[in-house]
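Working notes, beginning with the structure itself.
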2 protein chains.
Amino acid sequence: MKFTISEENHIKGVYHLQQQTGLVNTNALACEMQTKAASVTDMLKKLKLKKILQYEKYKGFKLTEMGKKIALSIIRKHRLWEYFLTVKLGFDWAKVHAIAEELEHISSEELIQKLDDFLGNPSFDPHGDPIPDSFGKIPTIKQYNLMQLPIKKKAIVSSVSNQSAQMLEMLKHYKIGIGTPIQITKHFLFDGSLEVKILKNTTCILSEQVAKNIFVYYE
Amino acid sequence: MKFTISEENHIKGVYHLQQQTGLVNTNALACEMQTKAASVTDMLKKLKLKKILQYEKYKGFKLTEMGKKIALSIIRKHRLWEYFLTVKLGFDWAKVHAIAEELEHISSEELIQKLDDFLGNPSFDPHGDPIPDSFGKIPTIKQYNLMQLPIKKKAIVSSVSNQSAQMLEMLKHYKIGIGTPIQITKHFLFDGSLEVKILKNTTCILSEQVAKNIFVYYE
DNA sequence: ATTTATTTTTAGATTTGTCTAAATTTATTT
DNA sequence: AAATAAATTTAGACAAATCTAAAAATAAAT
Ligand SMILES: [Mn+2]
Ligand SMILES: [Mn+2]
Ligand SMILES: [Mn+2]
Ligand SMILES: [Mn+2]
């Protein structure tokens, strides 16, 4: 089945909200979509008719299984494009969301499969969010950018977004790799650099430029 | 100024038609856009108001300078995406047009500049059509795929779309490079292979798989 | 120069997505 | 339990993009 861009955006909006709240209500979605409650109601009727939503008037709503599948395929596209934009085109990861918001609506299934392969089937987007596979299956752990890791919190390096030879050389020198325990001991505001403790013994300083390419998870 | 997808498609349609006919008429554009004459008239009024078109009722129309600039920026996006899809993602060049028809409407200027650099600022798309630069300037020569070159017609190799090591090794063996004179002497229908004369002396057989990656120009 | 045919435009309808304002339902207070 | 507040839906409007059918303008043919 085909969906309009507006329908796709609404489906994705419901998905994100129901991850947190279970049932979603009209005002919340209106707020998420930067639109008005009346417009949301109209859209809900349409999506219910297309069997994307379980929806009872005044009672809130959530996605059907089919709805979830569609949401995940849009999220998959969004995050793969974000990955492409940062890793291949060198975009700052703050800028990629808005562009991926448009790219996620390109319809070709073959395109997204080939893009996925071209990128090496990445599991996480530049913000550390998991990328669903073509069946909608989501990697479980949640990653955080090292710059966002709370001070003193113990974490594990889970991925590095810049895979250039220079970056890898630098990480090798610091003995940082996938699975390395890491902990921020100090955050210098002057240049954004971090003092980090690695493997519970070595301590070193990472520039913001390096740190923002490193992702970690914890718990 | 911002344009809708439909407006952009119409602007591009006018551009292509006026390349051949100078002034464009309503029915021709309706045919090109797979729509009806009445719909075209509505769109013309809107585009005239936005100063994209010079248009007098019943008299035909053509793009203003601004209209041309916009058309070229859309064509630039279209052809860069086509190049990306074939060279980076490995799409068959017959399939890329439909997908680029969607991708050309992604709005970010920065995206297209970075994509252009990532691709190595190519001058021609996979079909041999020239890619306008960011100022709208178009490379002059027209390229043809070697498979499309009329038999016996003398031509010059102008580009190769597959730049893999294997392909380059093969071309080196055949002594084929950019600027090499080439001429088809026979076309075997059984497997699509070509017998070609290179440099006016050597003759060799190129498989269809090789030949379809070679582009030439003539005159 | 009329008549006929073709092209183009207008008039009016339809679908999609949005809005405001009013009505209705549900939730919260007194 | 009644009154008030908040959330949600309905009713009615509008802009964008399309269509069909009819009218008007232009071109071609007799
Ligand atoms: Mn979007
Ligand atoms: Mn993201
Ligand atoms: Mn298009
Ligand atoms: Mn092309």
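Quick caveat: nothing in here was measured; it's all calculated off a predicted structure.
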Distances under 3.5 Å only, N/O to N/O: pair up the protein atoms with those of nucleotides 12-15 of chain C.
none

OP1 or OP2 of [N] under 4.0 Å from side-chain N/O of [X]:
{"X": "B:Lys36", "N": "D:dA21", "result": "no"}
{"X": "A:Ser6", "N": "C:dT18", "result": "yes"}
{"X": "B:Thr35", "N": "D:dC19", "result": "yes"}

Would you confirm whether B:Ser159, through its side chain, and B:Phe215, through its main-chain N or O, come within 3.5 Å as a donor-acceptor pair?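 It does not hold such a pair.
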A:Glu32 (side chain) donor-acceptor with A:Val14 (main chain) under 3.5 angstrom: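 No; judged by distance alone, with no hydrogens or angles, the pair does not exist.
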Is it true that [X] and [Y] have a side-chain N and a carboxylate O under 4.0 angstrom from each other?
{"X": "B:Lys68", "Y": "B:Glu65", "answer": "yes"}
{"X": "A:Lys12", "Y": "A:Glu101", "answer": "yes"}
{"X": "A:Asp133", "Y": "A:Arg76", "answer": "no"}
{"X": "A:Glu7", "Y": "A:Lys50", "answer": "yes"}
{"X": "A:Glu8", "Y": "A:Lys2", "answer": "no"}
{"X": "B:Lys142", "Y": "B:Glu219", "answer": "no"}

In whole angstrom, give the distance that lies between atom [atom1] of [X] and atom [atom2] of [N].
{"X": "B:Phe3", "N": "D:dA15", "atom1": "CZ", "atom2": "C1'", "answer": "18 Å"}
{"X": "B:Phe61", "N": "C:dT8", "atom1": "CZ", "atom2": "C1'", "answer": "11 Å"}
{"X": "A:Ile5", "N": "D:dA16", "atom1": "CD1", "atom2": "C1'", "answer": "14 Å"}
{"X": "A:Lys2", "N": "C:dT16", "atom1": "NZ", "atom2": "C1'", "answer": "17 Å"}
{"X": "B:Leu47", "N": "D:dA16", "atom1": "CG", "atom2": "P", "answer": "12 Å"}
{"X": "B:Leu29", "N": "C:dT9", "atom1": "CG", "atom2": "C1'", "answer": "15 Å"}
{"X": "B:Glu56", "N": "C:dT8", "atom1": "CD", "atom2": "C1'", "answer": "14 Å"}

Using a 3.5 Å limit on both pairing distances, list the dot-bracket string of DNA chain D from the 5' end; Watson-Crick and G-U wobble pairs count, crossing pairs take [ ], interstrand pairs take |. ||||||||||||||||||||||||||||||
Starting at CD of A:Gln18, measure out to CG of A:Leu29 and round the result to the nearest 0.5 Å.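 Between atom CD of A:Gln18 and atom CG of A:Leu29 there are 10.5 Å.
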Considering the options A:His97, A:His127, A:His16, which one meets the ring-ring contact (aromatic ring centres under 6.0 Å, His included) requirement together with A:His78?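 Testing A:His78 for a ring-ring contact (aromatic ring centres under 6.0 Å, His included) against A:His97, A:His127, A:His16 leaves exactly one candidate, A:His97.
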Contacts under 3.5 Å, N or O only, protein and nucleotides 3-8 of chain D:
{"unit_1": "D:dT8", "atom_1": "OP2", "unit_2": "A:Asn27", "atom_2": "N", "d": "2.9"}

For side chain to side chain donor-acceptor pair (under 3.5 Å), just list the numbers for B:Gln54 and B:Thr64, CA-CA rounded to whole Å, side-chain angles, deciding distance to a tenth of an Å, and then say yes or no. CA-CA 6 Å; B:Gln54 289 171 248; B:Thr64 60; over 6 Å; no
